[in-house]
*Asks:* 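Before I ask anything, here is the structure I am working with.
Chain letters run A, B, ... following the sequence lines, proteins first and then strands; every chain starts at 1.
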Number of protein chains: 2
Amino acid sequence: MKIKKKEIEQRMKHFETVCRDEGIKLTHQRIEIFREIAQSGDHPNAEQVFQRTRNRIPTVSLDTIYRTLWLLNDHGLVKTLGASRERNRFDANLNSHHHFVCGDCGFTRDFYSNDLDKIRLPDSVDSYGEIEATHVEVRGVCRKCVEKRR
Amino acid sequence: MKIKKKEIEQRMKHFETVCRDEGIKLTHQRIEIFREIAQSGDHPNAEQVFQRTRNRIPTVSLDTIYRTLWLLNDHGLVKTLGASRERNRFDANLNSHHHFVCGDCGFTRDFYSNDLDKIRLPDSVDSYGEIEATHVEVRGVCRKCVEKRR
DNA sequence: TTTAATGCAAAAGATTTGCAACATG
DNA sequence: CATGTTGCAAATCTTTTGCATTAAA
């Protein structure tokens, strides 16, 4: 999936606006790092962003990639797939179920729903490959963390 | 959320059956490691499984935890949350969208659906905290990997 | 010019591996 | 008893941090 030129330009513009508003300096590195993610339809990890950004800025360093990615994340300019800054977690529940995950502390709980289990996917998904399982991930803030934020 | 005694026993039984069928030795360590995951409603990471298993087997080592977790995963006895054995990935698409992820190679693509965006969650979810976003994750095998498997 | 960001190198953290001792089937 | 599994220690891989230099506003 290629991202349309117009969409990329919009993302870049939004990025620049947010940076200006929040007093984040628009460095050469940050612009190119953000561009790499904004223009890619896959969802690269830090190492991949590093390799791709090096094509444009050969002297960029990996730690700048990390610092920038989390900065962008903290300001809502990018999101992580799965739970953020988390280690791999394991689940022995083999029944069809869904997850609620707290973005602050990682608190995770299962929930069940017959309605959700019947979800119909758009045909376009089939074109990506064979589907094995579908599950809903709800991100939010758990009760404890809601308290803490006050 | 506490897992019911009966459910835990069922999971343990299934675990033992699969191990016997597949010629995996039922060691003290494996049994206790699996039990820890089977009886927990949160979804522990390797370190947490390690700490909890040490209560029962003080001499267990962290590398046995890792080896066992991936063994269980390979035999379908546990699943990982999010994409398995993957590093953090970043996404600059801030529009409401969903993901298809290949379990073999990590290939990931966005897809859109107005129907899915309207998903209604069961009330029980609200009791966990405040909901910020809901998205569907489809796991499967991408076209390339389907080819490779033949 | 002031302040924040970068690159480097080193530290810290997480996961994996080789191998001798040991336990399971 | 044979083989696969464990624990240890060391290696590897990933991410973060301190600090002097550099660049943005």
*Asks:* Indicate whether OP1 or OP2 belonging to D:dT6 is found under 4.0 Å from a side-chain N or O atom of B:Thr64.
*Replies:* no

*Asks:* Examine C:dT24: is either OP1 or OP2 under 4.0 Å from a nitrogen or oxygen in the side chain of B:Gln29? Give yes or no.
*Replies:* no

*Asks:* Can any side-chain N or O of A:Arg139 pair as donor or acceptor with the backbone N or O of A:Gly82 at less than 3.5 Å?
*Replies:* yes

*Asks:* Mark yes when over 12 heavy atoms from residues, nucleotides or ligands other than B:His14 sit less than 6.0 Å from its NE2; otherwise mark no.
*Replies:* no

*Asks:* If the plane angle is over 60° it's perpendicular, under 30° parallel, otherwise tilted; pick one for B:Phe100 and B:Phe107.
*Replies:* perpendicular

*Asks:* Which range-with-range stems can be found for DNA chain D when each stem has 3 or more Watson-Crick or G-U pairs in a row and both distances sit under 3.5 Å?
*Replies:* C:1-25 with D:1-25

*Asks:* Tabulated below should be each protein N or O lying under 3.5 Å from an N or O of nucleotides 23-25 of chain D; please produce it.
*Replies:*
from	atom 1	to	atom 2	distance (Å)
D:dA25	OP1	A:Leu26	N	3.1

*Asks:* With respect to the phosphate group of D:dG4, does any side-chain polar atom (N or O) of B:Arg30 fall under 4.0 Å of OP1 or OP2?
*Replies:* no

*Asks:* Looking only at side-chain N and O atoms, does A:Arg87 come under 4.0 Å of OP1 or OP2 in C:dG13?
*Replies:* no

*Asks:* Dump every N/O contact between nucleotides 8-10 of chain D and the protein below 3.5 Å, one line per pair.
*Replies:*
from	atom 1	to	atom 2	distance (Å)
D:dC8	N4	B:Asp63	OD1	3.2
D:dC8	N4	B:Asp63	OD2	3.3

*Asks:* Would a distance-only check, ignoring hydrogens and angles, find a side-chain to backbone donor-acceptor pair under 3.5 Å from A:Arg143 to B:Ser127?
*Replies:* yes

*Asks:* With a 3.5 Å distance limit and no angle check, can you tell me whether B:Arg11 reaches the backbone of B:Ala38 through a side-chain donor-acceptor pair?
*Replies:* yes

